[in-house]
Amino acid sequence: MRKILSGLRIATLEQTGTPYGLIENGSIGIDGEHIAWVGRDIPSDWSGIGSQDFGGRLATPALIDCHTHIVFGGNRAREFEMRLEGASYEEIARAGGGIVSSVKATNGLSEDELVAQSLPRLDTLLAEGIATIEIKSGYGLNIEAELKMLRVARHLGTMRPVRVLTSYLGAHAVPPEYRGRADDYISEVALPGLEAAHAEGLVDAVDGFCEGIAFSPAQITRVFEKAKALGLPVKLHAEQLSNLGGAKLAASFDALSADHLEYLDEDGAKAMAAAGTVAVLLPGAFYALREERAPPVKILRDAGVRIAVATDCNPGTSPLTSLLLTMNMACTLFRLTVEEALAGATREAAHALGLSREIGTIAPGKRAEIAIWNAEQPAELCYRIGFNPLHQLILKA
Ligand SMILES: O=C(O)CC[C@@H]1NC(=O)NC1=O
Ligand SMILES: [Fe+3]
């Protein structure tokens with residue numbers, strides 16, 4: 001089936017030299033699930049095809065949230081209060097709270113209950129024009145529970161018109177029963193869990209948390225070696241609270257992305273640029289933890305590192321279910337330009353998921369996943385705080 005979308009200001013996000021790859025008063029030809037053409041003039045062989053006029057509205061690629069932990073049970077509102085009373089995120093984690101408390105809440109739920117608790121977060125995100133989302137495990141921390149989380153993520157993708165990419169995050173935190181024995185946890189849970197998840201077709205990428213309160217570069221290396229042996233791409237939570245060289249380690253495995261990066265240095269940025277590893281910035285966690293050190297955006301720009309932005313939706317450091325607000329935070333807190341923030345939630349997010357051939361810009365051959373906004377300027381998508389101007393999400397002809 002063919003269809004023409006006309007009367008649009010099209011922010012293609014193609015890197016044409018024109019800001020946003022913008023096409024004024026443009027049209028988009030859709031053939032089935034793919035874009036056939038984009039431009040100001042309708043090709044002659046499309047003259048008899050039905051056209052829908054959008055009266056000058058802004059069109060962008062459908063949004064992509066490339067870093068979320070939306071599958072989890074319970075909430076961490078009490079920790080929010082503890083932080084208001086002066087406790088730090090790390091103190092709470094070392095005292096047995098943090099990720100481990102979400103593990104207890106998650107492992108007490110059945111697969112159906114976990115789906116039911118995660119679906120409202122997915123629906124809230126999708127309402128803002130998202131067509132692709134990455135969902136991590138990491139709140140199970142035993143083999144069966146990690147598999148359950150990934151099955152829930154896969155199931156969510158069958159319940160809504162969304163593409164779900166899963167990331168195995170068994171190396172998220174050391175559970176209490178392995179306290180002081182992180183290497184044993186990697187040997188007895190994280191690695192066999194990854195093998196089992198891969199065997200069941202549940203894993204699209206492998207992630208880890210490289211931090212003093214989580215896993216060392218050497219322990220992450222063991223997980224990444226296993227991922228490599230299984231032919232799986234990797235990504236890494238790196239340099240969030242300190243610099244352990246996680247970004248450089250990720251780049252050495254040609255990682256799809258290194259995420260957070262508040263403590264990234266020039267050496268790490270250069271390694272990321274050389275490997276094509278995308279910097280995924282997560283302003284929700286920076287905001288929620290009231291961090292004072294922002295990611296070194298100038299170093300990333302100067303090194304030529306691709307920059308994506310994502311919600312990092314999780315119960316502890318970023319209970320954020322708005323990619324539009326994330327884009328606003330990326331501009332306001334990290335000083336990204338509007339074009340960088342919008343590219344970060346489309347084109348660059350696609351690169352962070354290894355999907356840049358299929359999605360992330362409006363161009364012939366790409367998937368016909370297009371967000372139409374009640375807006376004219378791309379900046380309207382970033383400057384508002386808590387307003388959703390989505391008019392319509394197009395997913396095929
Ligand atoms: O606190 C949580 O529940 C997750 C925190 C989240 N995970 C991670 O590796 N970094 C984060 O900010
Ligand atoms: Fe995260």
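Each ligand, and each atom within it, is numbered from 1 in the order the structure gives. For reference, positions follow the sequence shown, starting with 1.
- Around the Fe ion (ligand 2), the protein atoms of type N, O or S that sit closer than 2.8 Å are His67 NE2, His69 NE2, His237 NE2, Asp312 OD1.
- Interface of Gln240 with ligand 1, defined as ligand atoms under 4.0 Å from a residue heavy atom, comprises 10 (N), 11 (C), 12 (O).
- Looking from atom 7 (N) of ligand 1 to the surrounding protein, the closest heavy atom is His172 NE2, 2.8 Å.
- Contact check on Lys270 versus Glu266 returns a salt bridge, with a Lys/Arg side-chain nitrogen under 4.0 Å from an Asp/Glu carboxylate oxygen.
- Only side-chain heavy atoms of His260 come within less than 4.0 Å of ligand 1; its backbone N, CA, C and O stay farther off.
- A donor-acceptor contact closer than 3.5 angstrom links the side chains of Glu188 and Tyr178.
- With hydrogens and angles left out, the side-chain atoms of Arg40 and Ser27 include no donor and acceptor closer than 3.5 Å.
- For the pairing with His69, the side chain to side chain donor-acceptor pair (under 3.5 Å) check across Asp207, Asp312, Thr317 returns one residue only, Asp312.
- A distance-only check finds a donor-acceptor pair linking the side chain of Arg121 to the backbone of Ile70 [under 3.5 Å].
- Follow the hydrophobic side-chain contacts under 4.5 Å out from Leu165 and you never reach Met159; the two are in separate clusters.
- Assignment of Tyr89 to the shell around ligand 1 is supported, since a heavy atom sits closer than 4.0 Å.
- Heavy atoms of Tyr139 found under 4.0 angstrom from ligand 1 belong exclusively to the side chain.
- Glu85 has no carboxylate O lying under 4.0 Å from a charged side-chain N of Arg83, or vice versa, which leaves the two without a salt bridge.
- With Leu282, Leu289, Thr317 as candidates, the residue nearest to atom 11 (C) of ligand 1 on a non-hydrogen basis is Thr317.
- The shell of residues lying under 4.0 angstrom from ligand 1, judged by heavy atoms, includes Arg76.
- Residue His69 has no nitrogen or oxygen atom sitting less than 3.5 Å from a nitrogen or oxygen atom of ligand 1, judged on distance alone.
- For residues 277-319, every residue pair satisfying the ring-ring contact (aromatic ring centres under 6.0 Å, His included) rule, not counting sequence neighbours, is listed here: Phe286-Phe334.
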